[in-house]
Structure formats: structure tokens, C-alpha cells
Trainee: 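Structure incoming, see below.
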Amino acid sequence: MIRDTLTQLLAQSITAAGFEVPEQLEIEPPRDPRHGDLATNVAMVLASRLGQPPRKIAEAIVAEFPDAAMVTGIDVAGPGFINFTLSPAWLQQALARCLAEGTRYGCSDQGGGERVQVEFVSANPVGPIHIGNARGGPYGDVLANLLQATGYQVEREFYVNDGPHNTQAQIFGRSLQARYRELLGLPFEFPEDGYRGEYVVEMAREIIQRDGDKYADLPQDEAGARKFFEMALPEIVAAMREDCHALGIDFDNWFYESQLYETGEVQREIERLLQKGAAYEKDGAIWLRTQEYGDDQDRVLVRADGRPTYIASDVAYARNKFNRGFERAIYVLGPDHAGYIPRMKAAFAAIGIDPQRLEILMYQNVRLLEGGQVLSLSKRKGTLVTMREIVESVGRDAARFFLLMRSAESHLDFDLDLARSESEDNPVYYVQYAHTRVCGIQREAQAQGYDPAAEADLSLLTAPQELALLRKLAQYPDEVALAAASRAPHRLTHFSRELAQTFHQFYTACRVLDKDNPSLSAARLKLVTGTRIVLANLLGLLGVSAPERM
RNA sequence: GCGCCCGUAGCUCAGUGGAUAGAGCAGCGGCCUUCUAAGCCGUCGGUCGCCCGUUCGAAUCGGGCCGGGCGCGCCA
């Protein structure tokens, strides 16, 4: 990559100028493109250590900088920045590389084949996936795509909280049983904090259609509720799978919490913790010493009535993940799990899992806007907006793009009207339209008899808009690497808009197919093909379609 | 009360300790005889919530305050 090569050359010239190379040598694209393609602050860093004027140091370094074909200009600017301008020759070479690598352009092997599991969505199996969980879907999915593209072996996992002691499953089972009895005209009691969504009534109706009043005699207690939950579970999981699929998300593995109980892993983990002294008994319950590892208090592992809490199965689950050979486990969690993070980190430290191998990423809430109003959502009233409804309302492409536009730690306003609008305002169309225009040019070129495989003289690409587009294409691999490393899929949506904009500007300024200038046309066609490759790769990472016509 | 996240243009948000803080939308004014105008160009718009500190340099790091969101169960 550009940066690596330049970093080496820079280090050489720093040494040649008689300075010590700082351990962190930073070369970054400056915010203002007028300051060149890449810039370093190394002279200022050295200046404060040596007590010399930064510009003087910068000039000494620049004087030692070897001639390199890739760089056309090196300037000392501002307080002491060294700015590099990449030569058109280098940019043209980057395009050649892009054309050669095709769908692989932008990929790297920095992950070194490390096995990573990304667990995301993992909504409680008590109903459809709603918008609160939905944001984690595209986020986890695109993060997984990014890691794959940068050389990791990635597995996507959905954790199904169907454990026998899950309180939410209990409440859901009781709600379903109540609806079932209600429909049959039997006496029933609807739980106070029960699930009031219409889907629960429909599920009860389906059970009656299938099995009639077969379950009328089941007691209205924990066991009865559990039975109803288990009856509904396959259907709920199937629906969640379909909902995710509709958003373009397909998990490699659906892991069931109940499995951890069936295999005895939860029990074994509890015993191991007691033996190690990481857990202790108090007030009839078993507590995990998470406070020693930074939690604000110890946490109950096993309730006084003998039933383990979710922490017990989560700890067993974490060990299970690493036993399956993953070197790194990434958790993508919603904002309601904020308090869970220190707790789980402490728990994992207590069981001896290297916290370095465990990453917990959190995203913030989504607010839905429609007609300029914030939609108020309530689980109690059953007015949750589901992921399925979003996809059906705005389409998969817009749903994914909009959910990915903001950084995860920032609250997200999802404007349904804007996402639905097939207009210039919609950023998804802006990007897709660039791809469509590329395809239009290629169609026209084919009709006019251009040979897409023909050699072209890329050195003819020197117009400002051509160079700007070349720069953008050359920048792409660094951008993918950065988005992956900083776990920031939203960078891709921003980059895709920038690339689309640069292309639209090129399109407006530079006529590609010109009968009077066949060699320039051939070169521009290569640039257009490169743009198509990067747009398609980018949209592919985002899981958004790249249409040939709109 | 404690913890996590956020506070940047009228709105929604980018911004890796660097240079004159950016984009989209909204507003105003232009551009279709040519590969799709779902596009392009110009213009207006800022005490980066406030204060103090660290630094050669702070929207960015630290402390304190103010404002908003979320979380603080032997629920998950």
C-alpha cells in the first residue's frame, strides 16, 4: 500500500538527516486535499523533542528524501508539515492494479487468517426482531464483511436465549398460554408485564388450529409456560431467520443457550468457578467475584432457588466459543446492554479468558421519524416497529444503508420518508446512480464497438477530475483497512458517497466516449471500469445492490 | 444517586492530537442538442454546550459544570 512504502522512504530520510525515527511515524491523508495526498507531522514531533524549529527539521528531512517515481511533490507547509503529492504515474499504476485485482481490490491479509466470531442481533426469542435490535444486524454483518476482506476467517453467530431459566421466555410463555386460553374461552390470567403484541394472539390461534384444545389442561405455572414457549420457539426462530435474510443477513450458526444446559457446560462452569474461588456462596445464592475485576458489585451466578442466571450461561457460552477454536470473539450489543459490559468483562477475567481476545462493541438507539414526527414505540402497547416492517417499507438497500450511515456510538435518526423517497435526496440512490451511470457508459461503449480488454494509455488521464477520481480509487484499500481496524462500517457509507460524488463530477466534466479521440476514450473507459470495480466492491461490503439500470 | 453514550451550521451528522472545522438536507441563484438532470456548479450559514488544564498545537486528551438519551434486578 502507498502508506507503507512512503513510511519506509520517510524513515530512511529521517535517519539520513541525522534524526531519530519516532516509534510512531504517522502519515495520513490531510483533510484539505490542497495539502497533497499524504502528510506527516514528524518534523513537529521531533521539534518538541530536540528544541529546534520544526520547519528547519522538515526541510532537512525533505532534502534527504530519495527520488521516488510515486511522489511528484514534497512540500514543507504550515507549522512544519511535510506534504506528499502522489504522481499521476503512481495514480495510474494504482488504477492498473485495481483493474487487475477486480473483486479482490481493497482486500488485504492483515488479519493473517485469524479466526473471529462475530455474534450479533441475538434478540430474545419472544417475538419478531424490532428496530432496536435491527441496527446491530447490518452493523455486525458489514463488520464481518470487513474482517473477511482484511484477511480474517469470520463466522457469524446468532445466540438464541432459549435457556430454561430465561425470565423473558417465561413471561412470553405465560402470555401465549393466556391468549390460548382466552381464545378457547377458558379462564386466564394475562401477566402484568406480558407481551401484548398481536402476533402472540396469532400464534395462539395457530396452535389451536393445529392441535385444538390439547393444551387446555396444562397448568398455568412455570412448567406450562415453558411448554408454550417451546411450542412457539421453532416458529419464532424461523421468523427471525427470515427477517434477517430479508435484510441480507445470513448467520453461519444459530447457537442455542439450552444446549449449554443439556451438555452440562453451565454446571461444569459453575463448579470450576467455585473451585477457583472466583465464586462464593452468600444468602443461599452463588455469587461471581466480578467486583475484583472492575464491576461495581458482585453478580449472582446461581439464584437461591438453585436456578442459574444468564451470567452463568454467558460465561459457559464464552468458554464454548473459545473451545470451538475462535481466537477472537466480538459481541455486538444494543444500548440496553450498557451495564452488561463491565460485568461480562469482569466475569471473563474471572474465568481466565484473556480480555484482549474479547471485544464488546455497542451501538446506540435508533429513532424512527415519519412525517417529521418521532414514532413512539412501546413494547407494552405492542406498537414496536419490526425489522421486517422496515425492510418492507423502505427496501433492503435503503434499510441497510440508513442503518449504517452513522457511527455506532452515535444515536441514529432513521427518516422513513427519506429512505422511501426515490429522489435525489436519498443517499442510497446517489451512490447507486453512480454505478448505473458507469454501466450506461459501458453499454454505450460496447454498442460503439469498443473492446473492453484493449490496452489503453493511462498516462492520458491528467484532467483534474480524472486525477481526483484516480486518487479516490487509489485510496480505497486504505479505507477498507481503516474501517475494519476501527470497527467502523459507517466509514464505508461515507466513502461511497465521496466516491460517487467524485465520479459524478468526472462524468459531468469529462465526456468518456469521443469518436474524435479514441485513445483518450480508451483510457477513460479504463477509469470508468475501475470506478465500477470499487463501487461494486464497496456496495458489496455494505450488502447493498449495485444496479445496472435505474 | 452511580455508570455508559451523545452535545459540531436552521436540521441530520462526518471529523485518525495538526494547517482556513467539513458533508448531506433545507434556503438562495444558475446548468439538459452530447454516455440517464436520481446529476453538476455557485452562494448563504460556526463562541465545535460552558469553564479550567495537558500540549509546540485541542472539536479530539484529562478534570469540573450544564443539557439530552440509555442503563443500573437472584430479568436478558
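This is a predicted model, so every value here is computed, not measured. Below, chains carry the letters A, B, ... as their sequence lines are ordered, and counting in each starts from 1.
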Trainee: Just by modelled atom types, is the Asp514(A) backbone N or O under 3.5 Å from a matching donor or acceptor in the Ser521(A) side chain?
Mentor: yes

Trainee: When the distance from CZ of Phe503(A) to P of A38(B) is rounded to whole Å, what number comes out?
Mentor: 14 Å

Trainee: Does Asp162(A) make a side-chain donor-acceptor contact with the base of A76(B), cut-off 3.5 Å?
Mentor: no

Trainee: Between Asn133(A) and Asn124(A), is any side-chain donor less than 3.5 angstrom from a side-chain acceptor?
Mentor: no

Trainee: Of the options C35(B), C13(B), A19(B), whose atoms approach the side-chain atoms of Ala39(A) most closely?
Mentor: A19(B)

Trainee: Is the ring centre of Phe255(A) less than 6.0 Å from the ring centre of Tyr317(A)?
Mentor: yes

Trainee: Which whole-number value in Å describes the distance from Arg406(A) CZ to C25(B) P?
Mentor: 12 Å

Trainee: Are the aromatic ring centres of His337(A) and Tyr331(A) under 6.0 angstrom apart?
Mentor: no

Trainee: G24(B) phosphate, OP1 or OP2: any side-chain N/O from Gln501(A) under 4.0 angstrom?
Mentor: yes

Trainee: Compare the minimum distances between each of C35(B), G18(B), A19(B) and the side chain of Glu28(A), then state the nucleotide with the smallest one.
Mentor: G18(B)

Trainee: Name the residue closer to the 5' end of RNA chain B, choosing between Val45(A) and Gln442(A) according to the nucleotide with the nearest heavy atom.
Mentor: Val45(A)

Trainee: Would you say the rings of Tyr261(A) and His165(A) are close, in the sense that their centroids are separated by under 6.0 Å?
Mentor: yes

Trainee: In whole angstrom, give me the gap between the C1' atoms of C32(B) and G67(B).
Mentor: 49 Å

Trainee: Asn426(A) CG to U12(B) P: how many Å, rounded?
Mentor: 18 Å

Trainee: I need the CG-C1' distance between Asp415(A) and G24(B), as an integer number of Å.
Mentor: 13 Å

Trainee: Is the shortest side-chain N/O distance from Tyr507(A) to OP1 or OP2 of U34(B) below 4.0 Å?
Mentor: no

Trainee: So, is Gln432(A) near the phosphate of A38(B), with a side-chain N or O under 4.0 Å from OP1 or OP2?
Mentor: no

Trainee: Between U12(B), A76(B), C74(B), which one does the side chain of Ala285(A) approach most closely?
Mentor: C74(B)

Trainee: How is Ser486(A) classified with respect to the nucleic acid when contacts are heavy atoms under 4.0 Å: base, sugar-phosphate, or nothing?
Mentor: nothing

Trainee: Can you measure His504(A) atom NE2 to C41(B) atom P for me and round it to whole angstrom units?
Mentor: 10 Å

Trainee: Nearest whole angstrom, please: distance from the C1' of G7(B) to the CD of Glu409(A).
Mentor: 14 Å

Trainee: With rounding to the closest Å, how many angstrom separate the C1' atoms on G18(B) and G1(B)?
Mentor: 40 Å

Trainee: Output the single nucleotide from C41(B), G18(B), A23(B) whose closest atom is nearest the side chain of Arg497(A).
Mentor: A23(B)

Trainee: Mapping Arg299(A) and Cys439(A) to their closest nucleotides on RNA chain B, which lands nearer the 5' end?
Mentor: Cys439(A)

Trainee: Run the salt bridge (charged side-chain N to carboxylate O under 4.0 Å, His left out) check on Asp305(A) and Arg303(A) step by step: do they pass?
Mentor: CA-CA 5 Å; Asp305(A) 63 10; Arg303(A) 302 174 178 94; 5.3 Å; no

Trainee: Please pick, from A76(B), G39(B), C70(B), the nucleotide with the shortest atom-to-atom distance to any side-chain atom of Arg437(A).
Mentor: G39(B)

Trainee: Nearest heavy-atom pair of Val62(A) and Ile82(A): which atoms, and what distance?
Mentor: CG2-CG2, 3.8 Å

Trainee: If you take all heavy atoms of Lys345(A) and Ile360(A), which pair is closest and at what distance?
Mentor: CG-CD1, 4.2 Å

Trainee: Report the nucleotide, chosen from C74(B), A14(B), G39(B), that has the shortest atom-to-atom distance to any side-chain atom of Tyr430(A).
Mentor: G39(B)

Trainee: Looking at Arg49(A) and Glu20(A), is any side-chain nitrogen of the basic one under 4.0 Å from a carboxylate oxygen of the acidic one?
Mentor: no

Trainee: Verify the contact: side-chain N or O of Ser410(A) to OP1 or OP2 of C5(B), cut-off strictly under 4.0 Å; return yes or no.
Mentor: no

Trainee: Separation of Leu492(A) atom CG from G15(B) atom P, in whole Å?
Mentor: 13 Å

Trainee: Does the ring of His35(A) lie flat against the base of A19(B), closer than 5.5 Å centre to centre with planes under 30°?
Mentor: yes

Trainee: Nearest whole Å is fine: how far is A38(B) P from Arg549(A) CZ?
Mentor: 16 Å

Trainee: Within the pair His490(A) and G15(B), is there a side-chain N or O less than 4.0 Å away from OP1 or OP2?
Mentor: yes

Trainee: Output the residues of residues 301-316 of chain A in contact with RNA chain B, where contact means a heavy atom of the residue under 4.0 Å from an atom of the strand; sort by number or write none.
Mentor: Arg303(A), Ala304(A), Thr309(A), Tyr310(A)

